[in-house]
Number of protein chains: 2
Amino acid sequence: MSSKESLSTVEKILQAAEELFAERGFDGTSVNLIAEKADVNKAMIYYHFKDKNDLINSMFERILREAEHYLKRAFAAHSDSGIEVSHLDRIEEELNFLSKRKRIISVMMMEALKGDEKDNYFFKCAERVFKHELKGFKSESGEIEENSSDRQRDLVYEFFTGFVPIIAFVVFNEKWCDYFKCDSDKAMEYFLESFRKTHLASNF
Amino acid sequence: MSSKESLSTVEKILQAAEELFAERGFDGTSVNLIAEKADVNKAMIYYHFKDKNDLINSMFERILREAEHYLKRAFAAHSDSGIEVSHLDRIEEELNFLSKRKRIISVMMMEALKGDEKDNYFFKCAERVFKHELKGFKSESGEIEENSSDRQRDLVYEFFTGFVPIIAFVVFNEKWCDYFKCDSDKAMEYFLESFRKTHLASNF
DNA sequence: GTCTATAGCAGGATAGAC
DNA sequence: GTCTATCCTGCTATAGAC
């Protein structure tokens, strides 16, 4: 099922690249190494992808689509059912979704930290989240927005005290527990408590 | 004063490396490029540093010492003077200190995100901060700690809802304002407000 | 301490047979 | 779609003159 042999070539490449990029960074990973780990001939990588950049961009585009899909589903489900879902439950569900993709997210963050002029997929993802969470948030297209102070205020708040801590928890969880000798389940419990008492408790 | 010519060779190298690592990442930056930007002969880099890794580690060790010094001074000053300094004022002072070093901090974070087994200077820095901020926090040495649940809880809270948002604001501030078309001063104002209403407002 | 020159190899990418 | 062989640039690192 999840064994290498049963996956398509493209899938094998993407999976290997994801693991290696997360482990060693994009520039620290050679195409040779990806081919080796994916158990695929190097030329096949250039058959399926224009170059190394095209490879990482495909990864990013895919997760963007997945996130879009997840958000639509999640918000639709929550408004369909009469049941009010608590913020904390939604966060747990979100953490679960994100944890499965934590390697790509790490890579996205590394690339977003660089100063070069590439597309910032980290911000793009955040934008998608805000579009669902903040009522009346629009961005797409060249439309000039009424960049009201209130919206800017909400954005800063949502990003730096909401989105960022969650993403940080996802990408640093494991390394954190190793370094500070903390049990993983405990860390999760403490994080949810912290998040509830800070971001979720504020009357923004 | 701050012109290239007045700096020592080592200083020129470190400064150029810092800018390039922040712009393109550690692995994305060649020693050739560093030499060129620093206006220094490449062989000089290998004269002063064992290799490229030694170069980045020197940067990290230096900022660790600077942080240590800053924290000692800041906490000493605040307890000396009878004047109670508000949390928010301390945060602003801290942001100022960190902003001047945002490039190294970005690099530290990129490296911390990688999965390899190098020293995690990002966590090391956080540890130093906690040592000053959390009463009774000790770590150093092989001493086995009473890793009480309470301390672990505090650590998670301080790191993910305090340290991380601040660091994220420092490293993403500029890129954020570009992307979301936000004025830099406004962003700072909104961030401080957000931080006050979340991390600082919780009764942890 | 500073510079030139170069070793030695790994990297991204492609041509072309099957 | 898959594989072999290869190009060639650019990389880290060092030797050795001054």
Side-chain angles (χ1 to χ4, degrees), chain A residues 3-62 104 107-108 110-111 114-119, chain B residues 3-62 107 110-111 114-119:
Chain A
S3 87
K4 261 182 201 166
E5 289 73 23
S6 65
L7 296 171
S8 71
T9 304
V10 174
E11 219 49 54
K12 283 198 282 185
I13 294 167
L14 285 170
Q15 203 166 296
E18 183 185 316
E19 278 170 47
L20 287 166
F21 289 164
E23 192 73 16
R24 318 161 47 106
F26 176 71
D27 298 295
T29 304
S30 73
V31 178
N32 281 300
L33 200 57
I34 297 172
E36 200 178 309
K37 172 145 193 161
D39 197 24
V40 149
N41 191 287
K42 177 165 61 152
M44 288 310 293
I45 295 182
Y46 288 97
Y47 177 78
H48 289 289
F49 303 93
K50 190 178 147 287
D51 55 21
K52 208 180 152 193
N53 274 297
D54 185 37
L55 178 50
I56 198 173
N57 280 328
S58 299
M59 279 176 38
F60 289 161
E61 286 295 337
R62 168 190 286 205
I104 296 195
V107 181
M108 248 175 48
M110 290 181 216
E111 293 305 302
K114 289 189 194 165
D116 49 24
E117 292 302 329
K118 285 196 206 151
D119 278 358
Chain B
S3 87
K4 260 182 201 168
E5 288 71 23
S6 65
L7 296 171
S8 71
T9 304
V10 174
E11 221 49 54
K12 284 199 280 185
I13 294 167
L14 285 170
Q15 202 166 296
E18 183 185 316
E19 279 169 46
L20 287 167
F21 289 164
E23 192 73 14
R24 319 162 45 105
F26 175 72
D27 298 295
T29 304
S30 73
V31 178
N32 281 301
L33 200 58
I34 297 171
E36 200 179 309
K37 171 145 196 162
D39 197 25
V40 148
N41 191 287
K42 178 167 58 154
M44 289 310 293
I45 295 181
Y46 288 97
Y47 176 78
H48 289 290
F49 302 94
K50 192 177 146 287
D51 54 23
K52 208 179 151 194
N53 274 297
D54 185 37
L55 178 49
I56 198 173
N57 280 327
S58 299
M59 281 176 38
F60 289 161
E61 285 295 336
R62 169 191 287 206
V107 181
M110 290 182 217
E111 293 306 302
K114 290 189 196 166
D116 50 23
E117 291 303 330
K118 284 196 204 148
D119 279 357

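Below, chain A is the first sequence line, B the second, and so on; all start at residue 1.
- Look at N41(B) and you'll find a side-chain N or O under 4.0 angstrom from OP1 or OP2 of dT4(C).
- For DNA chain C, the residues of residues 43-50 of chain B within the heavy-atom distance limit of 4.0 Å (strictly under) are A43(B), M44(B), Y47(B), H48(B), sorted by number.
- Looking at residues two or more places apart in sequence or on another chain, you find a side-chain contact (heavy atoms from CB on, under 4.5 Å) between Y46(A) and V31(A), K42(A).
- For the pair I34(A)/F21(A), a side-chain contact is recorded, criterion being any heavy-atom separation below 4.5 Å from C-beta on.
- In the 5' to 3' direction, nucleotides of DNA chain D lying under 4.0 Å from heavy atoms of chain A begin and end at dG1(D) to dT4(D).
- Rounded to whole Å, atom P of dG12(C) lies 15 Å from atom CG of D54(A).
- The shortest distance between side-chain heavy atoms of M59(B) and L14(B) falls below 4.5 Å.
- Rounded to whole angstrom, the span from the CD1 atom of I34(A) across to the P atom of dA10(C) amounts to 17 Å.
- Nucleic acid contact for K52(B): sugar-phosphate only, since backbone atoms but no base atoms lie under 4.0 Å from a heavy atom of the residue.
- Here D51(A) lies in heavy-atom contact (under 4.0 Å) with sugar-phosphate atoms only.
- Remark: E23(A) engages no residue in a side-chain hydrogen bond (donor to acceptor under 3.5 Å, both in side chains) (not counting sequence neighbours).
- The distance between atom CG of D27(B) and atom C1' of dG12(C), rounded to the nearest whole Å, is 15 Å.
- When atom types are taken as modelled, the side chain of K114(B) and the backbone of M110(A) share no donor-acceptor pair closer than 3.5 angstrom.
- Using a 4.5 Å heavy-atom threshold, the side chains of F26(A) and N53(A) count as touching.
- Residues forming a salt bridge (charged side-chain N to carboxylate O under 4.0 Å, His left out) with E11(A) (at least two apart in sequence, or on another chain): R62(A).
- In this structure, S30(A) reaches the dG11(C) phosphate: one of its side-chain N or O atoms is under 4.0 Å from OP1 or OP2.
- By the ring-ring contact (aromatic ring centres under 6.0 Å, His included) test, F60(B) pairs with Y121(B), sequence neighbours left out.
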